[in-house]
Number of protein chains: 2
Amino acid sequence: MTLKELSDLLGLSPTTVSRALNGYPEVSEATRKRVAAAAREHGYAPNTRARSLATGRAMAIGHVIPISAKHEMVNPVFGDFIAGAGEVYSRNGYDMLLSVVPDADEEAAYRSFLTKRNVDGIILHAPTLTDPRIPLLNALGLPFVVHGRSSEMDAPYAWVDVNNTRAFQRATEFLLDLGHRRIALVNGLEHMDFAIRRRAGYEAALTARGIAPDADLMFAGEMTEAQGHDITRGLLAQPHPPTAILVSSMISAIGVRRGIEEMGLRMGRDVSLITHDDELSYFRNGADIPVYTATRSSVREAGRKAARMLVDIIEGKDTPRDILLEADLTLGRSTGPAAPLRMETG
Amino acid sequence: MTLKELSDLLGLSPTTVSRALNGYPEVSEATRKRVAAAAREHGYAPNTRARSLATGRAMAIGHVIPISAKHEMVNPVFGDFIAGAGEVYSRNGYDMLLSVVPDADEEAAYRSFLTKRNVDGIILHAPTLTDPRIPLLNALGLPFVVHGRSSEMDAPYAWVDVNNTRAFQRATEFLLDLGHRRIALVNGLEHMDFAIRRRAGYEAALTARGIAPDADLMFAGEMTEAQGHDITRGLLAQPHPPTAILVSSMISAIGVRRGIEEMGLRMGRDVSLITHDDELSYFRNGADIPVYTATRSSVREAGRKAARMLVDIIEGKDTPRDILLEADLTLGRSTGPAAPLRMETG
DNA sequence: TTGAAAGCGATACCAC
DNA sequence: GTGGTATCGCTTTCAA
């Protein structure tokens with residue numbers, strides 16, 4: 001069913017039917033009702049391509065998911081972010097275009113979005129400390145919102161981020177409060193902005209208590225099961241192993257747990273663990289003090305916020321240009337008795 | 001830069017330029033070279049929307065990601081599947097359209113793809129035992145490939161699946177070989193086809209050894225951290241707890257591990273664990289016998305295969321209509337000494 | 001309040 | 001081997 005067919009059916013011109021359906025004011029209420037009814041009855045929906053050819057708007061938003069050429073693994077938080085963004089898009093009539101590219105080909109992907117004109121804007125994922133994609137997109141004139149920040153980039157850009165620094169600072173403080181002194185950090189690759197911030201939070205907490213960050217306890221790498229596993233085995237084989245481990249990713253944490261198990265150690269007694277984006281990562285001590293890190297639900301919320309921001313920018317609406325989400329674990333779900341992250345005092 | 005502008009520049013007609021760019025045979029080699037050079041130089045790329053309006057083909061493929069209305073969680077395997085599919089699409093000039101919808105609205109999403117005509121085909125995710133979307137898509141006449149199967153559906157359809165039955169049968173046999181007799185199953189929701197198959201494999205292995213499947217050890221639910229956690233705490237509090245747990249999902253397994261830790265038990269001694277889609281899930285006994293389950297890499301491979309199949313179907317090429325992948329853990333990565341999944345004999 | 005007609009940017013048929 | 005032109009389905013200006 002096309003607009004023309006529908007209008008023939010109604011004995012109206014395509015013009016009028018189009019106006020009725022798109023809420024133009026000059027159509028009489030009676031006509032509008034009649035048109036809407038017929039459209040519904042015959043299951044009419046405008047052809048997206050024809051519409052966007054006519055309007056010059058694609059009604060689609062692009063997400064470029066960079067995947068590591070080495071490990072070919074997709075960070076699972078993308079799934080949650082995208083789910084959040086998708087909600088907002090569908091409510092606003094936008095499609096979501098996903099482009100999965102090896103990290104090297106990213107620039108080509110953006111240019112292709114521009115030249116093919118199939119998106120009205122894009123969401124930038126996984127920004128580095130000084131991300132070259134930001135000036136690129138600014139130069140291309142394609143509206144965009146960054147999921148995360150690019151701290152050393154001075155060009156202005158819109159962003160949505162969780163407070164990584166604070167999350168890791170709080171988590172570290174919490175472990176310190178329990179009496180831990182040797183706390184390891186299993187982090188993402190440190191050209192990533194989020195990883196830098198996480199380490200900064202971790203170091204700030206240590207330093208504030210007069211503990212010098214120990215390079216032997218700090219690790220950065222791609223967040224895979226194998227990474228967590230290998231690092232943990234190495235750590236726990238040291239003469240002075242850490243008593244607690246702070247892990248940047250749910251996936252790495254799987255490996256960390258495996259490593260601890262393989263060494264025959266017991267969680268919460270021999271070693272304690274805080275994971276950043278695990279939905280179950282609520283850790284409480286006896287006094288019910290929450291630790292702040294990001295859960296998968298909060299990533300989803302970030303997706304919603306970023307999509308909202310981008311849609312507003314595209315449509316010329318007034319909108320804040322940056323949002324910092326406090327990823328508060330009190331949002332997390334708490335079932336049954338909590339595991340103590342205790343420090344052995346014996 | 002549009003086709004018209006480019007052709008004016010070259011002193012040719014848009015027709016000729018279009019033909020040159022699209023590899024039509026009647027263009028002279030000289031012209032083709034000249035056109036290609038000019039196109040490259042001026043960064044010309046055809047407007048996707050105009051092209052697909054003219055050809056009637058969208059050059060895009062839709063994925064509908066259903067999210068549970070209750071938990072709002074996205075199964076992380078989608079990320080891996082989509083990464084695999086994305087590779088194939090971009091190599092073949094297709095875009096990927098993602099539609100994230102609450103499971104209730106799925107049918108509307110398909111119809112909307114059809115009426116808006118913005119995809120040439122779709123990938124169906126997470127099929128149930130008799131999935132109503134299959135006859136729906138058949139009726140709509142939209143080409144599709146199912147990621148998984150719908151066992152009790154008799155209509156023909158194309159699919160790509162991992163061998164869930166065999167994976168769980170092998171994993172169970174492996175635990176039985178180690179001496180385990182009380183093996184729990186933490187499964188996905190059992191209206192899902194994959195969950196039914198996994199249970200079937202598990203039960204087949206038990207039955208073959210003369211062990212009657214015990215309903216008290218079998219659980220089905222949404223695969224979240226909380227699910228694994230809650231079930232595990234319940235299981236381990238029983239008078240006769242299982243000595244091993246077979247878990248359908250990496251995410252549930254995070255909760256299972258938490259549960260085991262919280263009960264103060266030791267992995268591999270008090271309880272053993274096999275997880276289905278964890279990249280580190282290579283488990284070996286002393287004799288280096290691999291256990292077959294699906295890793296994230298194999299899901300990615302499934303994504304590639306499904307995309308390839310769908311593209312071939314859309315383009316009218318000859319292609320197999322079903323592929324069963326053996327998800328072989330020997331594909332998995334093996335670092336360091338493996339953890340024994342031993343059975344205590346004391 | 002409604003309609004006719006000109007694009008939007010490509011492809012494809014038909015002449016030459 | 002090349003070019004003119006209708007066409008895809010819609011929006012939008014201009015007239016009525």
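Chain identifiers are assigned alphabetically (A, B, ...) following the order of the sequence lines, protein sequences preceding nucleic acid strands; residue numbering begins at 1 within each chain. These figures come from a predicted structure and were not determined experimentally.
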Between [X] and [Y], does any side-chain donor sit less than 3.5 Å from a side-chain acceptor?
X: A:Ser18; Y: A:Thr15; value: no
X: B:Arg51; Y: B:Asn22; value: yes
X: B:Ser151; Y: B:Asp193; value: yes
X: B:Arg57; Y: B:Tyr94; value: yes
X: B:Thr55; Y: B:Ser52; value: no

* **Residue closer to the 5' end of DNA chain D, B:Val27 versus B:Ala50 (nearest nucleotide)** =>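 The 5'-side residue here is B:Val27.
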* Taking the nucleotide of DNA chain D with the closest heavy atom to each, which residue, A:Leu3 or B:Pro25, is nearer the 5' end? ->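 That would be B:Pro25.
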What is the separation between atom [atom1] on [X] and atom [atom2] on [N], rounded to the nearest whole Å?
X: B:Asp8; N: D:dG3; atom1: CG; atom2: P; result: 11 Å
X: A:Asn22; N: D:dT11; atom1: CG; atom2: P; result: 5 Å
X: B:Glu26; N: D:dG1; atom1: CD; atom2: C1'; result: 8 Å
X: A:Glu5; N: D:dG9; atom1: CD; atom2: P; result: 8 Å

Less than 4.0 angstrom between a side-chain N/O of [X] and OP1 or OP2 of [N], yes or no?
X: A:Arg51; N: D:dT11; value: yes
X: A:Asn47; N: D:dC8; value: no
X: B:Tyr24; N: D:dT2; value: no

* Give the C-alpha distance, both sets of side-chain angles, the deciding distance and a yes or no for side-chain contact (heavy atoms from CB on, under 4.5 Å) between B:Val101 and B:Ile67. => CA-CA 6 Å; B:Val101 295; B:Ile67 63 161; over 6 Å; no
* **First-last contacting nucleotides on DNA chain C - partner chain A, under 4.0 angstrom, heavy atom** =>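 Here the contact window of chain A covers C:dT1 to C:dG9.
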* Under-4.0 Å salt bridge between A:Asp80 and A:Arg300 ->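 No, no charged N to carboxylate O under 4.0 Å.
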* Pair of N/O donor and acceptor under 3.5 Å linking D:dG4 base with B:Thr15 side chain ->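 Checked by distance alone, the answer is yes.
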* Does any N or O donor sit under 3.5 Å from an N or O acceptor when you compare the side chain of B:Arg19 with the base of D:dG3? ->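 A donor-acceptor contact between them is present.
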* **Parallel, tilted or perpendicular, as decided by the 30° and 60° cut-offs, for the rings of B:His125 and B:His63** =>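 Correct class here is tilted.
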* Of all the choices, D:dC10, D:dC8, D:dT12, which nucleotide is nearest to the side chain of A:Thr55 once you look at every atom? ->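 The answer is D:dT12, which lies nearest to the side chain.
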* Please list residues of residues 30-44 of chain B whose heavy atoms come under 4.0 Å from any atom in DNA chain D, ordered by number; otherwise none. =>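 The stretch gives B:Thr31 as the residues lying under 4.0 Å from the strand, ordered by number.
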* **Any residue meeting ring-ring contact (aromatic ring centres under 6.0 Å, His included) with B:Phe194, in chain and number order, not counting sequence neighbours** =>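 Result, ring-ring contact (aromatic ring centres under 6.0 Å, His included) vs B:Phe194: none returned.
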